[in-house]
Number of protein chains: 2
Amino acid sequence: MEPQVKRRYEAKANVIKAMAHPTRLFLVDELSRGEHCVMDLAAMVGDDVSTVSRHLSILKNAGIITDEQRGTQVFYSVRVPCVLNFFSCVEGVLAADLEERSCALR
Amino acid sequence: MEPQVKRRYEAKANVIKAMAHPTRLFLVDELSRGEHCVMDLAAMVGDDVSTVSRHLSILKNAGIITDEQRGTQVFYSVRVPCVLNFFSCVEGVLAADLEERSCALR
DNA sequence: TGATTATTTGGCGTAATATGCAAATAGGTT
DNA sequence: AACCTATTTGCATATTACGCCAAATAATCA
């Protein structure tokens with residue numbers, strides 16, 4: 001594979017990698033319904049604030065979410081709505097898995 | 001977060017995690033255009049056959065691709081077409097990043 | 001300025017992932 | 001059976017990701 005093509009796939013993988021974590025998936029899901037600040041998200045998730053902050057910075061770095069500072073708080077929100085399509089597709093994959101498994105039992 | 005909800009997000013993240021690698025992204029892209037056997041894919045990628053075989057098993061395990069043995073060869077193909085939507089969305093994210101960066105220069 | 005609150009970053013231990021080589025497995029052929 | 005070919009798996013190693021604590025940074029307010 002040519003290095004140019006390879007770099008392109010690496011860039012794409014980087015975006016997907018940002019979504020490839022249960023907490024970050026939850027964050028995107030939650031932020032798609034409206035903006036939230038870090039401490040509120042941390043409370044929902046149940047992890048340390050620093051951990052959630054790192055997850056958010058990964059998502060922001062990948063270009064999936066944006067932030068806006070208001071006072072001492074930073075409010076995050078989803079920047080690219082199409083990532084929500086991931087969810088329905090992934091549900092489809094999981095559903096297909098279930099079906100296949102139940103077929104195998106017959 | 002309740003353990004039930006958490007497990008759900010873990011399952012979803014697992015599917016996305018399977019796509020979160022440049023080589024595996026390439027494999028899905030290539031397989032979406034038609035089935036291929038392992039050694040052919042390994043030649044395209046330029047990695048060891050065993051490495052590619054492992055990547056394929058991860059994708060298969062996630063429910064994204066299927067395999068079919070014919071003779072000594074195993075042919076893989078995409079099982080859930082909607083994963084291809086990932087690509088266009090990811091392109092969108094990368095394009096938005098570029099635009100933002102060029103805006104910042106003005 | 002000093003105190004308070006929210007967020008980010010450094011450091012560190014631990015866990016997961018990636019990759020190639022060599023060996024094992026499986027199907028086909030002679 | 002022995003042999004060849006394609007694929008998978010065991011193992012060792014290197015790299016990367018996680019998550020918390022503590023410290024640093026930033027904005028606000030008394």
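Lettering follows sequence order; numbering is per chain, from 1.
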Heavy-atom donor-acceptor pair, A:Ser50 side-chain to D:dC21 base, under 3.5 Å: yes

Atom-pair distance (CZ on B:Phe75; P on D:dA6), nearest Å: 11 Å

Under-4.0 Å side-chain N/O to phosphate OP1/OP2 contact, B:His55 with D:dT7: no

Sugar-phosphate, base or nothing in reach of B:Arg70, heavy atoms under 4.0 Å: nothing

Nearest-Å distance for atom pair NZ/P, residues B:Lys60 and D:dT8: 8 Å

Side-chain N,O (B:Tyr76) to OP1/OP2 (D:dA6) below 4.0 Å: no

Spacing of B:Leu84 atom CG and B:Leu31 atom CG [to the nearest 0.5 Å]: 10.5 Å

Toward the 5' end of DNA chain C, by each residue's nearest nucleotide, A:Ser57 or A:Thr72: A:Thr72

Contact interval (first through last nucleotide) of DNA chain C with protein chain B, 4.0 Å heavy-atom: C:dT17 to C:dG28

Separation of D:dT25 P from A:Gln69 CD (nearest whole Å): 16 Å

Separation of D:dA17 C1' from A:Met19 CE (nearest whole Å): 18 Å

Short side-chain N/O contact from A:Thr51 to OP1 or OP2 of D:dG19, under 4.0 Å: no

Worked check of salt bridge (Lys or Arg N to Asp or Glu O under 4.0 Å) between B:Asp97 and A:Arg79: CA-CA 10 Å; B:Asp97 282 358; A:Arg79 190 174 70 128; 2.5 Å; yes

Distance, rounded to the nearest Å, where A:Arg54 contributes CZ and D:dG19 contributes P: 11 Å

Gap between atom CE of B:Met19 and atom NZ of A:Lys12 - 0.5 Å precision: 10.0 Å

Under-4.0 Å salt bridge between B:Arg70 and B:Glu35: yes

A:Lys6 charged N/C atom sitting above A:Tyr9 aromatic ring, 6.0 Å / 45°: no

Separation of atom CG in B:Asp40 from atom C1' in D:dT7, rounded to whole Å: 13 Å

Earlier contact from the 5' end, DNA chain D, for A:Thr23 and B:Val38: B:Val38

B:His21 NE2 to D:dT15 C1', straight-line distance once rounded to whole Å: 11 Å

Ion pair check, B:Arg8 and A:Glu91, cut-off under 4.0 Å: yes

Contacts of type salt bridge (charged side-chain N to carboxylate O under 4.0 Å, His left out), residue A:Glu10, not counting sequence neighbours: none

Nearest-angstrom distance from the residue atom CG of B:Asp48 to P of D:dA6: 14 Å

